[in-house]
Amino acid sequence: MPPEKHALLSASSASRWLKCTAAPRFEEGLPENTSEYAEEGRLAHAIGELKVLKKCTPMSTRTYNTRLNKLKKNPLYDPEMDKTTDLYLEHITEQVMDYDSAPTVAVEVRVDFSDYVPEGFGTCDCCIIGGDLLSITDYKHGKGVPVSAVGNPQMKLYALGALRRYAAVFGDTIKRVRMTIDQPRLDSYTTDEITVEELRAWGESIKPIAQRAFSGLGEFVPGDHCRFCRGKAQCRARAKVNTALEDFKDCVPAGSIPADALVPQEHSHTGAVTGEEVHPLLTDAEIGDLLERGAQLVQWYKDLEAYATEALLAGKEIPGWKLVAGRSNRTFTDQDAAIQAVIAAGYDEALVYDRKPKTLSELEKLMGKAEFAEKIGGFVTKPLGKPTLAPASDKREAYAPAASDFAGVKADA
Ligand code: SF4
């Protein structure tokens with residue numbers, strides 16, 4: 001499987017270039033990292049595609065098995081891929097069954113959305129069309145961050161491309177578009193639905209932004225979207241907003257605090273600063289602000305560390321820094337031989353071996369989700385996790401046990 005060629009303004013990077021219009025041309029000049037994760041994802045996609053093709057198009061079992069076995073010979077193949085792509089297939093099958101009559105199903109569909117985005121094209125994992133509904137599904141193999149289909153620009157661009165591709169066959173019978181992202185390894189399945197009219201209006205609204213991003217005259221706008229940018233470590237604009245003095249300077253009153261400006265602590269610790277008075281304790285509002293800025297700073301620092309490590313490994317110099325060997329643990333060169341030597345020395349086998357059951361996740365991986373749920377699901381319980389700090393925008397529900405439940409509980413750092 002050769003690496004996929006990407007458009008300058010790809011659908012998968014749309015959430016970035018829609019906010020930072022300078023990113024595409026900036027990234028263009030930087031080397032692309034092909035990670036093992038991306039290769040794994042491509043392999044899982046190929047397996048999923050084959051399964052959907054077998055289910056929805058005429059394909060002999062022999063051809064299917066030959067192709068599947070060939071994919072399984074890839075050194076990156078992991079049996080987990082079989083399970084996750086089974087779940088993807090199950091979900092596609094459910095969607096097909098939802099149509100009143102058998103819909104048209106196509107996989108790995110090359111879509112062109114250049115009517116809206118200069119030279120925009122991409123590959124949509126699965127398109128299902130029937131009646132007035134176009135359903136598109138994107139399979140994501142990654143298990144880093146769950147990606148929601150709701151309002152997702154990547155999905156909207158694929159949908160615009162799919163409408164264009166099938167216009168000749170279906171004309172304007174398609175009135176609704178359903179967009180789904182399946183991320184089985186994170187148990188995340190999300191769907192959004194809009195009318196074709198709404199989708200096209202959105203496409204029109206992003207045209208000038210896409211033009212700006214394509215022209216190379218865009219603006220650098222750092223934010224959460226920097227996380228997947230190829231230039232995240234070297235970008236000066238991102239460095240500028242993350243430079244501690246710059247970033248933190250307006251969070252608290254600037255300069256040294258004269259002793260007579262301090263108000264006594266008992267006055268209030270939530271307290272606002274009145275006139276020239278400055279309280280020695282930060283207010284809760286200031287702490288909220290600092291945490292928000294600090295999160296970006298920590299992420300940026302990690303990106304800098306990763307960049308410098310790679311550069312030093314490649315033989316470059318990062319002034320003031322070097323690589324050292326990290327901590328490591330002793331290990332046997334031949335564990336079996338070592339254990340045999342212990343037994344030969346007169347130690348009882350029962351003392352030498354620990355018999356440990358597999359973990360819950362290992363058993364689920366072994367049995368598959370369905371059998372696991374059926375046979376031992378009743379033994380599974382999930383206690384409420386320890387309270388963990390998260391931004392108010394986090395999609396998880398707020399932790400709200402009785403106040404007494406917190407007694408003695410220490411929050412995660
Ligand atoms: S790191 Fe952020 S600000 Fe810099 S180009 Fe990339 S997305 Fe834009």
Side-chain angles (χ1 to χ4, degrees), residues 3-35 37-38 41 113 116-122 138 140 142 144-148 151-158 181 202 205-251 289-312 314 316 318 321 391 393-394:
E4 200 187 324
K5 218 173 163 285
H6 291 292
L8 178 77
L9 301 188
S10 68
S12 58
S13 63
S15 57
R16 182 158 68 254
W17 57 254
L18 282 170
K19 292 195 176 119
C20 174
T21 44
R25 293 290 175 195
F26 175 64
E27 287 184 80
E28 205 182 12
L30 298 169
E32 194 170 354
N33 291 330
T34 314
S35 70
Y37 297 124
F113 45 86
Y116 299 90
V117 172
E119 297 180 8
F121 67 89
D138 191 50
K140 293 200 186 295
V145 194
V147 182
S148 170
N152 187 301
Q154 176 183 11
M155 299 306 287
K156 288 182 184 171
L157 290 173
Y158 284 160
I181 294 181
W202 176 83
S205 76
I206 64 150
K207 269 185 179 177
I209 306 174
Q211 277 298 343
R212 208 156 47 244
F214 190 75
S215 69
L217 300 172
E219 271 173 64
F220 285 93
V221 180
D224 283 346
H225 49 273
C226 293
R227 183 175 178 161
F228 296 108
C229 179
R230 225 182 287 166
K232 62 188 176 185
Q234 289 163 283
C235 176
R236 188 171 296 279
R238 190 180 183 212
K240 213 166 164 210
V241 292
N242 278 312
T243 306
L245 282 176
E246 277 294 309
D247 196 38
F248 286 90
K249 73 174 184 197
D250 297 324
C251 288
D289 194 14
L290 285 163
L291 279 169
E292 202 174 305
R293 290 162 194 247
Q296 300 276 348
L297 194 69
V298 169
Q299 186 56 51
W300 173 63
Y301 187 78
K302 283 185 187 160
D303 292 337
L304 287 181
E305 279 187 322
Y307 171 82
T309 304
E310 253 180 56
L312 288 164
K316 289 192 200 159
I318 300 288
W321 293 86
S393 58
D394 192 289

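Every value quoted in this text rests on a predicted model; they were computed, and no experiment measured them. Atoms within a ligand are numbered from 1 in the order they appear, just like the ligands themselves.
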Min over Pro222, Cys235, Ser13, Cys20 of heavy-atom distance to atom 8 (Fe) of ligand 1 lands on Cys20
May I ask you to check whether Cys226 brings an N, O or S atom to under 2.8 Å from atom 2 (Fe) of ligand 1?
yes
The answer for which part of Lys19 has a heavy atom under 4.0 Å from ligand 1 is neither
Which ligand 1 atoms are under 4.0 Å away from a heavy-atom of Arg16?
7 (S)
Calculate, to the nearest 0.5 Å, the distance between atoms CH2 and SG belonging to Trp17 and Cys229 respectively.
14.5 Å
Side chains of Thr21 and Val221: does their closest heavy-atom pair fall under 4.5 Å?
no
Can you tell if the side chain of Leu157 reaches within under 4.5 Å of the side chain of Ile206, non-hydrogen atoms only?
yes
To which protein heavy atom is atom 5 (S) of ligand 1 closest, and what is the distance rounded to 0.1 Å?
Phe26 CD2, 3.4 Å
Does atom CD of Glu292 have more than 12 heavy-atom neighbours from other groups under 6.0 Å away?
no
Does a salt bridge link Glu305 with Lys302, judged by any charged N lying under 4.0 Å from a carboxylate O?
no
Decide, counting backbone as well as side-chain atoms, whether Cys229 has an N, O or S atom less than 2.8 Å from atom 6 (Fe) of ligand 1.
yes
